[in-house]
Amino acid sequence: MNQSAASIFDLSPSEKLQLVEDLWDDLAATPADIPIPDWQLAELDRRKANLKSNPASGLSWDEVKRRVRAHHGR
């Protein structure tokens, strides 16, 4: 392991979180540059087709939040 990589592991937890956030923001700035595997594209197509043919199979954002909060106690 090189010195710069080792220094990442010496960061405090809050510094590590900030680094992850900075990296995520940098990746999100150019989403077209992030490769998407064919299997993921096929799965997205399958899910979109399922939702289009059966709209009742989806959940509203409010319902998703309610379920997550109920499951995680928040």
Side-chain angles (χ1 to χ4, degrees):
M1 187 179 312
N2 65 35
Q3 184 59 32
S4 64
S7 66
I8 292 171
F9 297 101
D10 295 331
L11 296 173
S12 70
S14 63
E15 290 170 323
K16 289 176 183 176
L17 287 171
Q18 184 62 56
L19 177 60
V20 169
E21 184 179 331
D22 292 345
L23 289 170
W24 190 261
D25 289 346
D26 183 64
L27 288 169
T30 54
D33 293 344
I34 300 172
I36 301 172
D38 289 340
W39 69 267
Q40 280 184 330
L41 292 171
E43 179 63 14
L44 288 171
D45 288 342
R46 184 192 69 77
R47 291 182 185 199
K48 284 193 274 186
N50 181 57
L51 187 58
K52 187 175 182 177
S53 66
N54 185 11
S57 68
L59 299 173
S60 70
W61 179 236
D62 287 335
E63 178 62 15
V64 171
K65 289 189 294 187
R66 187 195 67 74
R67 288 184 183 197
V68 169
R69 288 177 177 147
H71 185 263
H72 295 286
R74 294 185 180 175

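One-based numbering along the sequence shown.
- When all heavy atoms of Leu51 and Ser57 are compared, the closest pair comes out as CD1-OG, 4.0 Å.
- The salt bridge (charged side-chain N to carboxylate O under 4.0 Å, His left out) contacts involving residues 56-66 comprise Asp62-Lys65, Glu63-Arg66, Glu63-Arg67, where partners must be two or more places apart or lie in separate chains.
- For Glu21, the side chain to side chain contact (heavy atoms under 4.5 Å, CB included) test picks out Gln18, Asp25, with sequence neighbours left out.
- Applying the side chain to side chain contact (heavy atoms under 4.5 Å, CB included) test to Leu17 and every residue at least two apart in sequence or in another chain returns nothing.
- The minimum heavy-atom distance linking Ile34 with Leu27 is given by the pair CD1-O, 3.6 Å.
- Every residue two or more places apart in sequence or in another chain that forms a side chain to side chain contact (heavy atoms under 4.5 Å, CB included) with Thr30 is listed here: Asp33.
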Scan the side chains in residues 38-45 for donor-acceptor partners under 3.5 Å anywhere in the protein, sequence neighbours excluded, and list what turns up.
unit_1	atom_1	unit_2	atom_2	d
Glu43	OE1	Arg46	NE	3.0
Glu43	OE2	Arg46	NE	3.4
Glu43	OE2	Arg46	NH2	2.6
Glu43	OE2	Arg47	NE	2.8
Glu43	OE2	Arg47	NH2	3.4

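- Contact detail for Pro37 and Pro35: the closest heavy-atom pair is CD-O, 3.9 Å.
- Linking ILVMFWY residues whenever their side-chain heavy atoms come closer than 4.5 Å, directly or via other members, leaves Val20 and Ile8 in distinct clusters.
- Scanning for side chain to side chain donor-acceptor pair (under 3.5 Å) contacts around Ser14 gives Ser12, with sequence neighbours left out.
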